[in-house]
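I have a structure I would like to understand better, so I am pasting it below and will then ask my questions one at a time.
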Amino acid sequence: MADGLLWILSVALIVLGVAGTVLPALPGTLFVLAGIVLGAWIDDFARVGWGSLAVIGVLAVVAWAADYVAGLLGARRAGASREAILGAALGTVAGIFMGLVGVLFMPLVGAAVGEYVARRDEQRAVRIGFATWLGVMAGLVAKIAISFMMIGIFVVALLV
């Protein structure tokens, strides 16, 4: 019975982690990793060994880095100011309270407002906002893909 509850907790952490890959308020890949480690521990690491866990751990770090680096690269590549980057970060936080649409589009709005405050150029602000948004979306897609790779490795290790 106790193992059943632990497996339910493991799956719940993984599902929460997948949701967290989209919602910036939740550390998605950390929850996925925690659920996988719990699942491996339940089985005394018999089916999911340390090698699989090491690969999954590296993927978690890569997903975390991709999430932060992609937005910055999009902004930097377009020549964003510090204010635009700060605006994108604030927009991301504000978006958490606005649902999925806010999460997806408030970084764009924040970056555009920040760039406008810095340079007072509407066209540049829109271009910077869009470039920052593209970077954030690329990071989001990478984080989702890597999270599913982590889950896939876990499931294959459990079944093989």
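We count residues from 1, following the sequence as given. Excluded from the calculations below are hydrogen atoms, water molecules and symmetry mates; all remaining heavy atoms, backbone and side chain alike, are included.
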W64 atom CH2: more than 12 heavy-atom contacts under 6.0 Å: no

Taking every non-hydrogen atom, the tightest pair across G39 and W7: O-CH2, 3.4 Å

Any donor-acceptor pair under 3.5 Å from E115 side chain to S81 backbone: yes

E83 versus A118, closest heavy-atom pair with distance: OE1-CB, 3.5 Å

Hydrophobic cluster membership, I42 vs F45, 4.5 Å side-chain cutoff: yes

Shared hydrophobic cluster, I56 / W41 (ILVMFWY, side-chain heavy atoms < 4.5 Å): yes

For K143 against T21, the heavy-atom pair lying closest together: CE-O, 3.0 Å

L90 side chain reached by V113 side chain, heavy atoms, under 4.5 Å: no

Minimum heavy-atom distance between I128 and A84, given as atom pair plus value: CG2-CB, 3.7 Å

L5 and L9, any side-chain heavy atoms less than 4.5 Å apart: no

Verify same cluster id: V48, V155 (apolar side-chain graph, 4.5 Å): yes

Rounded distance (nearest 0.5 Å) linking atom CD1 of I85 with atom OG1 of T132: 7.0 Å

Joint cluster assignment, I151 & L30, ILVMFWY side-chain distance < 4.5 Å: no

side-chain contact (heavy atoms from CB on, under 4.5 Å) between T29 and I146, intermediate numbers included: CA-CA 9 Å; T29 52; I146 293 169; 5.6 Å; no

Donor-acceptor contact present, side-chain S10 to main-chain L6, <3.5 Å: no

Minimal non-hydrogen separation, L13 against G35, with atom names: CB-CA, 3.7 Å

Closest non-hydrogen atom pair, I36 against M150: CD1-O, 3.7 Å

Transitive ILVMFWY side-chain link L86 to F130, under 4.5 Å: no

Greater than 12 external heavy atoms within 6.0 Å of F148's CZ: no

